[in-house]
Amino acid sequence: MDLLAHLEAYVATADEASFSRAADRLGIAQPLLSRRIKTLEEHFGGPLFDRSRRQITTTELGVLLLPYARDVLDRAQRLRQVAGAAGRARLRGVGVPAHCAPAALARAIRAGAERGITLGMCELPPRERVSGLADGSLAYALVRVPPERGAYRVPLGLASAPEPEATDGERVPAFGGARRAIQLEDLRPRRGRRAEPAAPLPVLTLPEDQVPAHQDRLERAVARAGLPPGRFRPAGPAATALAETLAGRALLLCAEPFARQHGARWAPLGDRSLHRGYEVGAAPDRTGAADVPDWLVPLLAAAVGAAREPGPPGTGTGAEDVPARLAARG
């Protein structure tokens, strides 16, 4: 027996003093209401209503139990209200890359609060963001995808020391002095130039770019450019890689906001297939749907400094990315 449904029928009938009006109030058929009252009377061991007269009246047992029935229904209603409020205010984890713009993340948090949603930002590597969506520990996440397939793209470039002269007196190539796009071929040692260091500086890659698809593309691009395989090296913590870069001992493959924030020089990378691509993903709900709120997508994209790619939805950047796709295929 659905006790709450039966108690609702009991209370409504007592209030209306009519089976038909009580049924209309509850939006159910009168025979169903009558059956619920009959089942409840059998459960309590006595009649709740006197049906012998034209207008039904509440029996002594019905009068005795009525305040308790109202109390049960009131408590159930408060329980539903509290559960609904808790569901609306439930913390929803959002997986984001490291070193997002704090002000942009704050805007996303405020936008969620305005809609009764509490967002918790979690800085995670790319693989953990994907697994978090799969196991439900994250509600939303910025997911790395190939740049030609992503709705948003973050241009990558090379960061170098802020000063042309390194601490050891060797000349450090500074690519950030001009906005000219850097090609990987520019990293090849040039013979006959005394200013070039004896050993080419390594190029460090951050954990955000240490994903198989990106690493495969980078290896192919390095081979096409005629660079030794070890020239690009995965870095550990971003702070360590940045320190090596600022000290003039390495170059760093990163986005412009990260480089500028820490005083490094930066120049864009010409190969668009090596840029970062992003989509905003959602964990599937009980029905299997994975919907991302429209208001959240641009806010998360802004947090990583991503620009929306032109072209029809679902086609990435359209015809403009043909060179990038060809370069990605090697």
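Given the structure is predicted, the values throughout are model-derived calculations rather than measurements.
Formation of a donor-acceptor pair under 3.5 Å by the His262 side chain with backbone atoms of Ala239 is not found in this model. Arg144 places a side-chain N or O within 3.5 Å of a backbone atom of Glu208 that can act as its donor or acceptor partner. Under a 3.5 Å cut-off, the side chain of Arg129 and the backbone N or O of Leu124 do form a donor-acceptor pair. With Arg265 contributing its side chain and Ser160 its backbone, the two residues share no donor-acceptor pair below 3.5 Å. In this structure a side-chain-to-backbone donor-acceptor pair under 3.5 Å is missing from Thr58 to Phe49. The closest donor-acceptor contact from the side chain of Glu41 to the backbone of Leu48 lies under 3.5 Å. A donor-acceptor pair is defined here as one N or O able to donate and one able to accept, closer than 3.5 Å; no such pair exists between the side chain of Arg92 and the backbone of Tyr140. Side chain of His6 to backbone of Asp2: a donor-acceptor contact under 3.5 angstrom is found. No donor-acceptor pair under 3.5 Å is formed between the side chain of Gln210 and the backbone N or O of Gln215. In this structure, the side chain of Tyr10 engages the main chain of Gly62 through a donor-acceptor pair within 3.5 Å.
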Please evaluate residues Glu123 and Val96 with respect to the criterion side-chain contact (heavy atoms from CB on, under 4.5 Å), reporting the C-alpha separation (whole Å), side-chain torsions for both, the decisive distance (0.1 Å), and the verdict. CA-CA 5 Å; Glu123 289 191 351; Val96 297; 4.2 Å; yes
Given the rule in the side-chain contact (heavy atoms from CB on, under 4.5 Å) test, do Arg224 and Asp271 qualify, once you have shown the distances and angles that lead to the verdict? CA-CA 12 Å; Arg224 289 196 304 270; Asp271 190 344; 3.8 Å; yes
I'd like to know whether Asp15 forms a salt bridge (charged side-chain N to carboxylate O under 4.0 Å, His left out) with Arg70, so could you lay out the CA-CA distance, the side-chain angles of the two residues, the decisive distance to 0.1 Å, and finally the verdict. CA-CA 11 Å; Asp15 290 343; Arg70 294 187 191 278; 2.5 Å; yes
Would Asp71 and Arg75 count as a salt bridge (charged side-chain N to carboxylate O under 4.0 Å, His left out) here? Give the steps. CA-CA 6 Å; Asp71 182 62; Arg75 289 175 181 270; 2.9 Å; yes
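Annotation: side chain of Arg217 is in contact with side chain of Pro146 (closest heavy-atom distance under 4.5 Å). Using a 4.5 Å heavy-atom cutoff, the side chains of Arg276 and Val304 are not in contact. Counting only heavy atoms from C-beta outward, the side chains of Leu187 and Phe232 approach each other to under 4.5 Å. Between Leu274 and Leu184 there is a side-chain heavy-atom pair separated by less than 4.5 Å.
Taking both residues in full, the closest heavy atoms of Asp186 and Ala181 are given as OD2-O, 4.3 Å, listed atom of the first, atom of the second, then distance. Taking each heavy atom of Pro234 and Thr205 in turn, the nearest pair found is CA-OG1, 3.3 Å. When all heavy atoms of Tyr152 and Pro298 are compared, the pair lying nearest together is OH-CA, 4.1 Å. Smallest separation of non-hydrogen atoms from Leu138 and Ala283: O-CB, 3.3 Å. Minimum interatomic distance between His275 and Pro147 (heavy atoms only, all atoms of both residues): O-CG, 3.5 Å. Contact record, Pro126 with Pro207: CD-O, 3.8 Å, taken as the closest heavy-atom pair.
Under the 30°/60° scheme for interplanar angles, the aromatic rings of Phe258 and His99 are found to be tilted.
The CZ atom of Phe19 sits 13.5 Å away from the CG atom of Asp24 when rounded to the nearest 0.5 Å. Atom CG of residue Leu201 and atom CZ of residue Arg249 lie 10.5 Å apart, to the nearest 0.5 angstrom. The line from OG of Ser18 to CZ of Arg54 is 12.5 Å long, rounded to the nearest 0.5 Å. Atoms CD and CG, from Glu8 and Leu3 in turn, are 10.0 Å apart once rounded to the nearest 0.5 Å. How far CZ of Arg188 is from CD of Gln183: 11.0 Å, rounded to the nearest 0.5 Å. Here the CG-CG distance, from Leu300 to Leu119, works out to 8.0 Å after rounding to the nearest 0.5 Å.
Residue Arg21 qualifies as enclosed at atom CZ: its count of foreign heavy atoms under 6.0 Å is above 12. Within a 6.0 Å radius of CZ in Arg233, no more than 12 heavy atoms belonging to other residues, nucleotides or ligands are found. Around CZ of Arg78, the count of heavy atoms belonging to other residues, nucleotides or ligands within 6.0 Å exceeds 12.
Using a cut-off of 4.0 Å between Lys/Arg side-chain N and Asp/Glu carboxylate O, Glu16 and Arg25 are scored as salt-bridged.
Following chains of ILVMFWY side-chain contacts shorter than 4.5 Å, one cannot reach Val130 starting from Val297, and the two form parts of different hydrophobic clusters. Val145 and Leu142 are members of different hydrophobic clusters when ILVMFWY side chains are connected at heavy-atom separations under 4.5 Å. Leu246 and Leu206 fall within the same hydrophobic cluster, defined by Ile, Leu, Val, Met, Phe, Trp and Tyr side-chain heavy atoms under 4.5 Å apart, directly or through other members. A continuous path of hydrophobic side-chain contacts links Leu33 to Leu73 [ILVMFWY only; heavy atoms under 4.5 Å]. Leu253 and Leu227 end up in the same hydrophobic cluster when Ile, Leu, Val, Met, Phe, Trp and Tyr side chains are linked at under 4.5 Å.
In summary, the side chains of Arg80 and Gln77 do present a donor paired with an acceptor at a separation below 3.5 Å, with no hydrogens or angles considered.
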